[in-house]
Protein chains: 2
Amino acid sequence: MDVTTKPDELPDCSGVGDVLGRIGDKWTVQVIVLLRRQPERFNAIKRRVPKISQQMLTRTLKALERDGLITRTVRATAPPQVEYSLTEAGLSLAETVRHLAVWAVDHRQYIRDSRARYDTAQ
Amino acid sequence: MDVTTKPDELPDCSGVGDVLGRIGDKWTVQVIVLLRRQPERFNAIKRRVPKISQQMLTRTLKALERDGLITRTVRATAPPQVEYSLTEAGLSLAETVRHLAVWAVDHRQYIRDSRARYDTAQ
DNA sequence: CAGTATCCGCTCCGATACTG
DNA sequence: CAGTATCGGAGCGGATACTG
């Protein structure tokens, strides 16, 4: 689809809510962005997302796998190794999210300032 | 910032989580996208986001105003009219979110299929 | 190493009633 | 018309203990 479509022609905006509800949780995006570099194993991901609990990482990875955004590969070694990597769809989402990341970085200070002004005005 | 920066150079991904946590709720994006066309009044927005409750619309608008993404203008008429419109920052966010919207539409069916396959495989 | 299982607090959000 | 106030359920996410 063409991103340059005119504003008024944006189709079915309700679907956006679904996706944002899906990736808008606390951890999903961090994991996706992290896997963009290269496939990683469970505990490697855990180390690179320092605050995530084991349970939430499990849930997040499972949900991503269910949605076809990452694949889970088990190597029959001892100890067992499980590697997670982005699918093509997952990679395209990661790239898309980068636009939002850029926006976030660009407007971080602006939002902080706006909040401070708003709060003191009350 | 340059969106074409190399993957590994994406700065401070943790900030992305903040923003996604902020706009990743159930209503914020729908309101922003809606206001992209033109400024709207309270009940006009409510009508165009059919399922939103009055309280959630109030909260959503207030949070957006606090973040400097929309402005609230009261006209001293009877009955009172309150108009909400995007700020420049809000508009730029709306445009950025459109990329995600496009991704969502493009991959909607893929995700549905992935889930169906995953669920039946269990 | 890579998970499961259980408990539990907290916040999101809906429903409803009320107000200037 | 444009809100505010209050109650309550559901689910996200944290902490901890346990397992193949």
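Naming: A, B, ... by sequence-line order, numbering from 1 per chain. Quick note: numbers below take in every heavy atom, side chains included, and nothing from hydrogens, waters or symmetry partners.
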Open item on the list: Within the supplied structure, the quantity of interest is the number of heavy atoms (other residues, nucleotides, ligands) at a distance under 6.0 Å from A:E88 CD; does it exceed 12?
Closed with: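 No, not enclosed.
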
Can you give the first and last nucleotides of DNA chain C, 5' to 3', that have an atom under 4.0 Å from a heavy atom of chain A?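 On DNA chain C, the outermost contacted nucleotides are C:dC1 to C:dT6.
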
Practice problem: For B:A89 and B:S92, work out which heavy atoms get closest and say how close. | Solution: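 The answer is O-OG, 2.8 Å.
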
**Request:** For B:A94 and B:R36, work out which heavy atoms get closest and say how close.
**Result:**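 Closest approach of B:A94 to B:R36: CB-CD, 3.2 Å.
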
May I have the distance from [X] (atom [atom1]) to [N] (atom [atom2]), rounded to whole angstrom?
X     : N      : atom1 : atom2 : result
B:Q55 : D:dG8  : CD    : P     : 15 Å
A:R59 : D:dG13 : CZ    : P     : 8 Å
A:L20 : D:dC12 : CG    : C1'   : 17 Å
A:L57 : D:dA15 : CG    : C1'   : 16 Å

Using a heavy-atom cut-off of 4.0 Å across all strands, would you classify [X] as base, sugar-phosphate, or nothing?
X     : result
B:R75 : nothing
A:K51 : nothing
B:K26 : sugar-phosphate
A:Q81 : sugar-phosphate

query = Any link between B:Y118 and A:I32 through a network of hydrophobic side chains (Ile, Leu, Val, Met, Phe, Trp, Tyr) touching at under 4.5 Å?
reply =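 Looking at the clustering, A:I32 is in a separate group from B:Y118.
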
Margin query: When you measure from the side chain of A:Y84 to the backbone of A:E65, do you find a donor-acceptor pair of N or O atoms at a distance under 3.5 Å?
Written below: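 It does not hold such a pair.
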
inquiry  = I'd like to know whether B:T28 forms a side-chain hydrogen bond (donor to acceptor under 3.5 Å, both in side chains) with B:T60, so could you lay out the CA-CA distance, the side-chain angles of the two residues, the decisive distance to 0.1 Å, and finally the verdict.
reply    = CA-CA 6 Å; B:T28 298; B:T60 302; 4.9 Å; no

State, to the nearest 10°, the angle formed by the axis through the first five base pairs of the helix from C:dC1-D:dG20 to C:dG20-D:dC1 and the axis through its last five.
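What I find for the helix from C:dC1-D:dG20 to C:dG20-D:dC1 is an axis angle of 50°.
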
>> Please enumerate all residues that pass ring pair (Phe, Tyr, Trp, His ring centres under 6.0 Å) together with B:W103, with sequence neighbours excluded.
In response: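 In terms of ring pair (Phe, Tyr, Trp, His ring centres under 6.0 Å), with neighbours along the sequence ignored, B:W103 is linked to B:H107.
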
query = Start at the 5' end of DNA chain C and walk down; is the nucleotide closest to B:Q54 or to A:N43 reached first?
reply =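 It is A:N43 whose nearest nucleotide is closer to the 5' end.
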
*Run the numbers on A:R41 and A:T73 for side-chain contact (heavy atoms from CB on, under 4.5 Å), then give the verdict.*
CA-CA 9 Å; A:R41 288 167 50 194; A:T73 311; over 6 Å; no

Q.
Would you say that B:R59 contacts B:M56 through its side chain, given a criterion of any heavy-atom pair below 4.5 Å between the two side chains?
A.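 Counting from C-beta outward, B:R59 and B:M56 do come under 4.5 Å.
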
(Q) If you assign B:R47 and A:D25 each to the DNA chain D nucleotide with the nearest heavy atom, which residue ends up on the more 5' nucleotide? (A)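 The answer here is B:R47.
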
